Amino acid sequence: MYFIAPGESTNELYADYANRNRVLRKNIMGDDYLLKDTIPHVSWKIMHDIRIISGFECRKAIGRINDTVYVVAFYTDEILLRGGPEGFNGLPGMILGLAIPRLNTTWFATKVDAFTNFNNEIQPPNKGKKTETERELKKLIELFTRYNGNKNEKPEEIRKAIYGFVL
């Protein structure tokens, strides 16, 4: 599974759901950084609510990460792949909508394109400076945010802003 955020073509996320690994490539101050880590485990509870996203009927699920952060997802079983943005998975279909209310963060599909690629496997990003830990990458992003003129912003607001880059 491979996601590229629109308007941010230099930031990439490669998720290998079978092995529960992901590779994030993030551009910070003109340099590309790579973070290899595991996909976070989410304990999901499937609800009865239904919502249409990009023409697909999606069921609501509520999950929890890091013991206290709640996640709201909308998934469709009309797409058999089991994945979603930022490596979130574990539901019986594709996650087309994802929200983390505590962090004011949302991802919703606006368009779904199907393609078949039998000749070439999608490869994880491999060009960039490797960071050893998620903490190291978060620190780089926080430094960049402060460098870019957000010196008066509270640290918790900066953490909310960068959380989506390294969930």
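Just so we're clear, the structure is a prediction, and the values are computed from it rather than from any experiment.
- Under the 4.5 Å side-chain heavy-atom criterion for ILVMFWY residues, no single connected hydrophobic cluster contains both Tyr75 and Ile52.
- Residue Tyr70 places its OH atom among 12 or fewer non-hydrogen atoms of other residues, nucleotides or ligands, all under 6.0 Å distant.
- For Thr105 (side chain) and Ile100 (main-chain N/O), no donor-acceptor pair under 3.5 Å exists by modelled atom type.
- Atom OG1 of Thr76 is separated from atom CD1 of Ile50 by 9.0 Å, given to the nearest 0.5 angstrom.
- Other residues, nucleotides and ligands place no more than 12 heavy atoms under 6.0 Å from the CD atom of Glu57.
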Check your understanding: How far apart are the C-alpha atoms of Val112 and Ile79, what are their side-chain angles, what is the distance that settles it, and do they pass the side chain to side chain contact (heavy atoms under 4.5 Å, CB included) test?
Key -> CA-CA 10 Å; Val112 177; Ile79 300 174; 4.0 Å; yes
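- Using a 3.5 Å distance cut-off with no hydrogens or angles, the side chains of Arg102 and Thr68 do pair a donor with an acceptor.
- Note that CG of Asp77 is 9.5 Å distant from CZ of Arg82, once rounded to the nearest 0.5 Å.
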Practice item. Take Arg64 and Val69 through the test side chain to side chain contact (heavy atoms under 4.5 Å, CB included) and record every step on the way to the result. Key: CA-CA 5 Å; Arg64 207 171 63 211; Val69 180; 6.0 Å; no
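- Considering every non-hydrogen atom in both Asp16 and Asn19, the closest pair reads OD2-ND2, 2.9 Å.
- The backbone N or O of Ala109 sits less than 3.5 Å from a side-chain atom of Ser54, completing a donor-acceptor pair.
- Residues Asn21 and Lys36 have side chains not in contact (no heavy-atom distance under 4.5 Å, counting atoms from C-beta outward).
- In summary, Asp49 and Arg51 do not engage in a salt bridge, as defined by a charged side-chain N under 4.0 Å from a carboxylate O.
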Exercise for review: Evaluate the side chain to side chain contact (heavy atoms under 4.5 Å, CB included) criterion for residues Leu98 and Val71: first the C-alpha distance (whole Å), next the side-chain angles of each, then the deciding distance (0.1 Å), finally the verdict.
Suggested key: CA-CA 7 Å; Leu98 188 72; Val71 178; 3.3 Å; yes
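- Contact detail for Gly63 and Val42: the closest heavy-atom pair is CA-CG1, 3.8 Å.
- In terms of heavy-atom proximity, His48 sits nearest to Arg59 at CA-NH1, 3.6 Å.
- Between Glu78 atom CD and Met94 atom CE the span is 12.5 Å, to the nearest 0.5 Å.
- By the rule that hydrophobic residues join a cluster once side-chain heavy atoms approach within less than 4.5 Å of another member, Ile46 and Ile95 end up as members of one cluster.
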Practice item. Kindly indicate, with the supporting measurements, whether the criterion side chain to side chain contact (heavy atoms under 4.5 Å, CB included) is fulfilled by Leu24 and Leu34. Key: CA-CA 6 Å; Leu24 170 71; Leu34 294 174; over 6 Å; no
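- Without hydrogens or angle criteria, Trp44 side chain to Asn89 main chain gives a donor-acceptor distance under 3.5 Å.
- Smallest separation of non-hydrogen atoms from Leu96 and Cys58: CD1-SG, 3.9 Å.
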